Amino acid sequence: MLATGFQFTEGPLWDPQGFFYFADPRDNALYKLVPGQSAERVRTTQNGNGTCFDVRGRLIQCEGQGKRLTAWDPASGVNGEVTVVANGVDGKRLNRPNDVICHTDGSLWFTDPDKRIPVDERELEASVWRIAPDGSVTLIAHCEYPNGLAFSPDERKLYVANTRFLKYVHELTLNDSFEVISRRVFADMSANPAKGSPDGVKVDMQGRVFCTGPGGIWVFTPDGEHIATIEFPEPPVNFTFGGDDLRTLFVCARSSVYSLRVVVPGCAQPWQRLRALRNPQPAEIL
């Protein structure tokens, strides 16, 4: 255990400078945690949840209550300017943006579930969206309750966790124009009665898919075979790969955050790869 005493930990993110960020949506807080030190609150958010870095190194965060995605430059400090990246599509407000990832081309992909919004207040269907580098927002796919998402190492497949109802993970295959050319249920966890739901999703360098689920973090082969479940003292909600070699799992599990060493490194985010090129590390993480 690295830290505890939070209301609900979420949105973990590794910074190549040597620390993690994570959110507490119920406390409207974004924290910075240097391993071995106490967590430091660095931002007050509007129900801040999933995070990633964009290709400029800005911290992008989904803010559910604010119905928006924001960008904040960590170098600007606690009082640095926060920019709204997206808060709607074609004049319609987003629901509760949940998770966000960055593509190598600089686009941002995010989930926007609708089930926690009263029916008469929903302006958009639950969906996965893409924000192009020019700021335009386009639909990728509709999903029942889209939550965490991650790309395969070649970015040809997009994995989307479906939470709360039917507990499964979607696999969307993409073409060069980012259109979905096929989709399937990659993993179905609904038969397991243990606590936990599909939420955070990450992929390692071998293409294995890690996803929180009933009883812990489930690990699947690229073909969808369930090969392991990693258990923790509390049900894990989300996680990220971190450390200089990307072999440390930083796990958000309700009131606490944990770490665990693994053998195969996770896939680096585009900004992490750019940092690695400036400060070379072992070749397998580039």
Side-chain angles (χ1 to χ4, degrees), residues 10-14 16 20 50-55 60 98-105 107-111 128 130 140-141 143 146-163 167-174 178 180 182-189 197-213 216-230 236-243 245-252 259-276 281-286:
E10 252 286 9
L13 177 65
W14 166 250
F20 294 92
T51 59
C52 74
F53 286 117
D54 68 6
V55 292
I60 307 298
N98 188 290
D99 200 11
V100 58
I101 56 176
C102 185
H103 189 279
T104 300
D105 75 342
S107 60
L108 298 170
W109 300 53
F110 70 97
T111 54
V128 179
R130 175 181 180 266
I140 297 299
C143 296
N147 199 320
L149 71 173
F151 287 116
S152 60
D154 62 3
E155 297 181 320
R156 288 290 183 173
K157 294 182 179 179
L158 178 69
Y159 300 99
V160 184
N162 188 83
T163 302
K167 299 180 180 181
Y168 58 83
V169 180
H170 268 130
E171 178 190 84
L172 311 181
T173 301
L174 309 167
F178 307 115
V180 176
S182 68
R183 63 189 293 174
R184 69 176 179 126
V185 174
F186 174 80
D188 188 346
M189 307 179 187
S197 298
D199 192 330
V201 184
K202 300 294 184 292
V203 178
D204 71 13
M205 290 294 289
Q206 293 183 358
R208 296 182 300 182
V209 178
F210 291 61
C211 185
T212 60
I217 295 176
W218 293 39
V219 185
F220 302 91
T221 66
D223 293 329
E225 178 188 356
H226 179 210
I227 56 175
T229 300
I230 308 171
V237 178
N238 206 340
F239 61 96
T240 192
F241 287 92
D245 56 4
L246 294 182
R247 291 190 176 103
T248 297
L249 277 186
F250 179 82
V251 182
C252 291
S259 66
L260 174 73
R261 292 289 289 170
V262 295
V263 176
V264 179
C267 291
Q269 294 192 38
W271 176 242
Q272 292 170 330
R273 291 196 290 271
L274 290 173
R275 289 293 299 268
Q281 298 291 337
E284 69 263 30
I285 76 166
L286 298 180

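Every value quoted in this text rests on a predicted model; they were computed, and no experiment measured them.
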Handout entry: Pairing of Asp245 and Arg247 as salt bridge, 4.0 angstrom limit
Key = yes
To the nearest 0.5 Å, tell me how far [X] [atom1] sits from [Y] [atom2].
X      : Y      : atom1 : atom2 : result
Ile60  : Ile101 : CD1   : CD1   : 13.0 Å
Ser197 : Lys167 : OG    : NZ    : 4.0 Å
Cys102 : Phe53  : SG    : CZ    : 11.0 Å
His103 : Leu158 : NE2   : CG    : 9.5 Å
Phe220 : Glu171 : CZ    : CD    : 12.0 Å
Arg183 : Leu174 : CZ    : CG    : 11.0 Å

If you look at every heavy atom in [X] and [Y], which pair is closest and at what distance?
X      : Y      : answer
Val169 : Cys211 : CG2-SG, 3.8 Å
Gly11  : Thr51  : O-OG1, 2.9 Å
Ala150 : Val203 : CB-CG2, 4.1 Å
Val100 : Gly50  : CG1-O, 3.8 Å
Leu246 : Trp14  : CD2-CD1, 3.9 Å
Asn162 : Pro146 : OD1-N, 4.4 Å

Examine distances only and state if a side-chain atom of [X] and a backbone atom of [Y] form a donor-acceptor pair shorter than 3.5 Å.
X      : Y      : result
Lys202 : Phe239 : yes
Thr229 : Ile217 : no
Gln269 : Cys52  : no
Asp204 : Gln206 : yes
Thr212 : Asp199 : yes
Thr240 : Phe250 : no

Practice task
Check Phe151, Phe186, Phe210, Tyr168 against Tyr159 for a ring pair (Phe, Tyr, Trp, His ring centres under 6.0 Å) and give me the one that passes.
Solution key: Phe186
Practice task
Can you label the angle between the Trp109 ring and the Phe178 ring as parallel, tilted or perpendicular, going by 30° and 60°?
Solution key: perpendicular
Exercise for the section: Tell me yes or no: between the side chains of Asp105 and Ser107, is some donor less than 3.5 Å from an acceptor? Expected result: yes
With the side chain counted from C-beta on, respond yes when [X] and [Y] share a heavy-atom pair under 4.5 Å apart, and no when they do not.
X      : Y      : value
Val209 : Val201 : yes
Arg261 : Thr248 : yes
Leu249 : Phe241 : yes

